[in-house]
**Q** 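I have a structure here, written as structure tokens, and I will follow up with some questions on it.
In what follows, every heavy atom counts, from backbone to side chain, and hydrogens, waters and symmetry copies are set aside. Just so you know, residue 1 is the first one in the sequence shown, and it goes up from there.
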Amino acid sequence: MPPGGGGPMKDCEYSQISTHSSSPMESPHKKKKIAARRKWEVFPGRNKFFCNGRIMMARQTGVFYLTLILILVTSGLFFAFDCPYLAVNITPAIPVVGGILFFFVMGTLLRTSFSDPGVLPRATPDEAADLERQIDIANGTSSGGYRPPPRTKEVIINGQTVKLKYCFTCKIFRPPRASHCSLCDNCVERFDHHCPWVGNCVGKRNYRFFYMFILSLSFLTVFIFAFVITHVILRSQQTGFLNALKDSPASVLEAVVCFFSVWSIVGLSGFHTYLISSNQTTNEDIKGSWSNKRGKENYNPYSYGNIFTNCCVALCGPISPSLIDRRGYIQPDTPQPAAPSNGITMYGATQSQSDMAAATPLLQSEPSLTSEELHMPGKPGLGTPCASLTLGQPTPPSSMPNLATEATLSDIMPLKDEHGAHQFLTPDEAPSPPRMLGAGSPLAHSRTMHMLGLASQDSLHEDSVRGLVKLSSV
């Protein structure tokens with residue numbers, strides 16, 4: 001650049017090189033950004049997630065869509081063909097009440113289907129290994145041999161002994177009333193059952209919505225069935241039964257669907273009303289966990305002894321937060337802290353080599369000097385070949401009374417080819433002593449090198465230089 005011409009330099013931009021790069025040979029401009037992943041993307045259970053993890057369902061959702069179709073089609077036909085006639089001839093409150101029931105049913109159904117039922121997180125590998133050690137110590141099977149006994153723990157709840165079973169899939173001891181769902185492959189807290197009609201497990205966090213769904217669906221089914229029959233009867237009185245069916249053929253389909261559905265829906269609502277009043281789950285009732293047949297002293301330790309209190313706890317108690325944090329970000333593994341290198345990254349060195357460099361003062365970064373700066377009187381410069389030495393004639397190392405007569409760092413640790421891998425050499429891999437090199441050696445023509453200061457080094461640097469020179473001369 002000509003003197004005084006600042007034109008080209010004004011366009012130059014310099015960027016600071018990052019000295020904390022995680023990859024040794026990686027440039028900060030070429031580093032690719034890895035998008036953070038959420039926990040639902042690597043969730044181990046057999047579930048489906050939608051809306052970036054906000055919606056959680058089981059994989060088998062075919063019956064759930066059938067439930068949606070039956071409710072939507074039946075209610076749609078009722079509002080389209082029956083409500084106009086009933087609103088005019090009886091009261092306009094009928095479609096209003098029907099609409100309220102319909103929206104309540106759909107809201108509770110979607111809330112049950114799209115929410116976390118209370119899935120328990122699985123143990124991490126470290127937690128599982130620690131638990132295995134505790135089990136081996138407790139069972140006395142750490143030395144191997146016979147098959148260990150069943151993995152259970154016993155806790156006392158309100159005077160009743162309750163067994164906690166070990167889940168071999170989740171690697172945890174299940175809390176009381178929890179069970180592993182074979183369809184979703186998750187341990188669910190206060191597991192009731194897996195319901196294919198809602199496409200999800202029913203557990204601690206969505207049981208109340210499930211109960212309100214089947215209860216409101218029972219009222220909606222009875223409501224539609226009753227007013228469809230009323231509609232057909234009123235039309236039959238005016239035009240005859242056959243003409244009434246011809247005028248409103250949808251009423252026949254609605255009546256058939258409601259007739260065959262109402263029995264199962266109402267029966268299911270009654271069964272779960274009994275379970276809520278006694279503070280039981282479907283799983284416990286089927287297994288007979290608190291049945292008197294198991295013994296006179298067997299009783300339900302979770303019941304409050306009052307139907308009203310049991311219903312309030314099940315329907316009005318606080319909802320516990322989700323334990324799996326499915327929308328949280330996956331935290332990367334904490335990297336090992338890099339050894340301090342005074343701002344200079346040692347490219348091509350492994351972690352152990354970096355630690356060695358941090359512990360050895362010779363491997364610390366020093367001011368870079370050119371061949372002109374290193375030329376001293378009475379000594380050949382870097383660009384001057386060492387003609388006084390002959391290859392193959394080693395000279396024993398002298399006592400080296402002072403650092404001014406020391407071999408330079410490039411003689412001690414020769415640089416490899418610029419295109420090769422950059423790494424530090426061990427003493428076994430080091431070449432011949434520096435005084436055995438010939439005149440045409442490329443080591444004598446290195447353009448830049450790291451050299452220790454001649455007058456400002458402390459005794460620790462001097463001892464390190466002497467030790468490495470002696471080691472390389474052996």
**Q** Crowded around Phe114 CZ? As in, over 12 foreign heavy atoms under 6.0 Å?
**A** yes
**Q** Does the gap between the ring centers of His272 and Tyr207 come in under 6.0 Å?
**A** yes
**Q** Applying side-chain contact (heavy atoms from CB on, under 4.5 Å), run through Val198 and Thr67 and close with a yes or a no.
**A** CA-CA 7 Å; Val198 300; Thr67 304; over 6 Å; no
**Q** Are more than 12 heavy atoms, taken from residues, nucleotides or ligands other than Gln238, located less than 6.0 Å from that residue's CD atom?
**A** yes
**Q** Using atom types as modelled and distance alone, determine if a side-chain donor or acceptor of Arg208 lies under 3.5 Å from a backbone N or O of Gly317.
**A** yes
**Q** Between Ser113 and Leu110, is there a donor-acceptor pair closer than 3.5 Å when you use the side chain of the first and the backbone of the second?
**A** no
**Q** How close do Val228 and Glu254 get, counting heavy atoms only, and between which atoms?
**A** CG2-OE1, 3.1 Å
**Q** What are the two closest heavy atoms between Phe223 and Gly98, and how far apart are they?
**A** CE2-CA, 3.7 Å
**Q** Kindly say whether Ser182 contributes a backbone atom to a donor-acceptor pair with the side chain of Arg46 at under 3.5 angstrom?
**A** yes
**Q** For Thr282 and Asp192, which I'm curious about, is there any donor-acceptor pair between the side chains at under 3.5 Å?
**A** yes
**Q** So, the side chain of Arg205 versus the backbone of Asp116: is there a donor-acceptor pair under 3.5 Å, distance only?
**A** yes
**Q** Counting only heavy atoms from other residues, nucleotides and ligands, does the tally under 6.0 Å from CD1 of Ile307 exceed 12?
**A** no
**Q** Search all heavy atoms of Lys39 against all heavy atoms of Ile324 and return the closest pair with its distance.
**A** CD-O, 4.0 Å
**Q** What's the separation between atom CE in Met57 and atom CG in Asn47, rounded to the nearest 0.5 Å?
**A** 10.0 Å
**Q** I'd like to know if the side chain of Asn206 reaches the main chain of Cys201, judged simply by a donor and an acceptor atom lying under 3.5 Å from each other, with no hydrogens or angles considered.
**A** yes
**Q** Can you tell me how far apart CD1 (Ile229) and OG (Ser236) are? Round to the nearest 0.5 Å.
**A** 9.5 Å
**Q** Quick check: does any side chain N or O of Asp285 sit under 3.5 Å from a backbone N or O of Thr281, one acting as donor and the other as acceptor?
**A** no
**Q** Counting C-beta onward and ignoring hydrogens, is there a side-chain heavy-atom pair between Leu120 and Phe191 closer than 4.5 Å?
**A** no
**Q** Let me know which of His180, Arg122, Arg151 forms a side chain to side chain contact (heavy atoms under 4.5 Å, CB included) with Cys167.
**A** His180
**Q** Answer with yes or no whether the side chains of Asn200 and His194 bring together a donor and an acceptor at under 3.5 Å.
**A** no
**Q** Quick check on Tyr304: does its OH atom have over 12 non-hydrogen neighbours (other residues, nucleotides or ligands) under 6.0 Å away?
**A** no
**Q** Between the side chain of Thr61 and the main-chain N/O of Gly199, is any donor-acceptor distance below 3.5 Å?
**A** no
**Q** With side-chain contact (heavy atoms from CB on, under 4.5 Å) as the test, would you mind laying out the steps for Arg38 and Asn52 before giving the verdict?
**A** CA-CA 8 Å; Arg38 295 186 183 268; Asn52 200 16; 3.1 Å; yes
**Q** Within the 3.5 Å criterion, strictly below it, is a donor on Thr221 or Ser261 matched to an acceptor on the partner's side chain?
**A** no
**Q** Please state whether the rings of Tyr302 and Trp290 are parallel, tilted or perpendicular, taking 30° and 60° as the class boundaries.
**A** perpendicular
**Q** What do you reckon, is NZ of Lys48 surrounded by more than 12 foreign heavy atoms closer than 6.0 Å?
**A** yes
**Q** Are the side chains of Phe64 and Leu109 in contact, using a 4.5 Å heavy-atom criterion?
**A** yes
**Q** Contact between Ile224 and Ser75 at the side-chain level, heavy atoms closer than 4.5 Å - yes or no?
**A** yes
**Q** In sequence, state the C-alpha distance, the side-chain angles, and the governing distance for His193 and Phe210, and then conclude on side-chain contact (heavy atoms from CB on, under 4.5 Å).
**A** CA-CA 11 Å; His193 69 289; Phe210 171 78; 3.7 Å; yes
**Q** Do the side chains of Pro44 and Asp185 get nearer than 4.5 Å, heavy atoms only?
**A** no
**Q** Between Phe209 and Phe213, does the ring centroid distance fall short of 6.0 Å?
**A** no
**Q** Give the minimum heavy-atom separation between Val202 and Cys195, together with the two atoms involved.
**A** CG2-CB, 4.1 Å
**Q** Can you measure from CZ (Phe78) to OG (Ser251) and round to the nearest 0.5 angstrom?
**A** 9.0 Å
**Q** Checking side-chain contact (heavy atoms from CB on, under 4.5 Å) for the pair Ser248/Val232: CA distance, chi angles, key distance, verdict?
**A** CA-CA 8 Å; Ser248 181; Val232 173; over 6 Å; no
**Q** Might you point out which heavy atoms bring Thr239 and Ala244 nearest each other, and give the distance in Å?
**A** OG1-N, 3.8 Å
**Q** Would you say Phe168 has more than 12 foreign heavy atoms packed within less than 6.0 Å of its CZ?
**A** yes
**Q** Would you sort out whether Lys171 and Glu127 count as a salt bridge (Lys or Arg N to Asp or Glu O under 4.0 Å), showing the intermediate values?
**A** CA-CA 8 Å; Lys171 305 295 182 182; Glu127 294 171 345; over 6 Å; no
**Q** Would you say Phe102 and Leu72 make side-chain contact, with heavy atoms under 4.5 Å?
**A** yes
**Q** Answer whether the closest heavy-atom distance between the side chains of Val262 and Cys258 falls below 4.5 Å.
**A** no
**Q** Does atom CH2 of Trp197 have more than 12 heavy-atom neighbours, drawn from other residues, nucleotides or ligands, at distances under 6.0 Å?
**A** no
**Q** Within this structure, what is the CG-OG distance for the pair Asn300 and Ser289, rounded to the nearest 0.5 Å?
**A** 9.0 Å
**Q** Which pair of non-hydrogen atoms, one from Ser216 and one from Phe104, has the smallest distance, and what is that distance?
**A** CB-CD2, 3.4 Å
**Q** Calculate, to the nearest 0.5 Å, the distance between atoms NZ and OH belonging to Lys153 and Tyr166 respectively.
**A** 10.5 Å
**Q** Could you give the distance from CZ (Phe227) to CD1 (Ile94), rounded to the nearest 0.5 Å?
**A** 4.0 Å
**Q** With a cut-off of under 6.0 Å to the ring centre and 45° to the axis, is Arg235 in cation-pi contact with Tyr85?
**A** yes
**Q** Is any side-chain heavy atom of Phe43 closer than 4.5 Å to one of Arg326?
**A** no
**Q** With a 4.5 Å limit on heavy-atom distance, are the side chains of Phe225 and Val257 in contact?
**A** no
**Q** I'd like to know if the side chain of Asn186 reaches the main chain of Val188, judged simply by a donor and an acceptor atom lying under 3.5 Å from each other, with no hydrogens or angles considered.
**A** no
**Q** Should we say atom CZ of Phe241 is surrounded by more than 12 heavy atoms from elsewhere, each under 6.0 Å from it?
**A** no
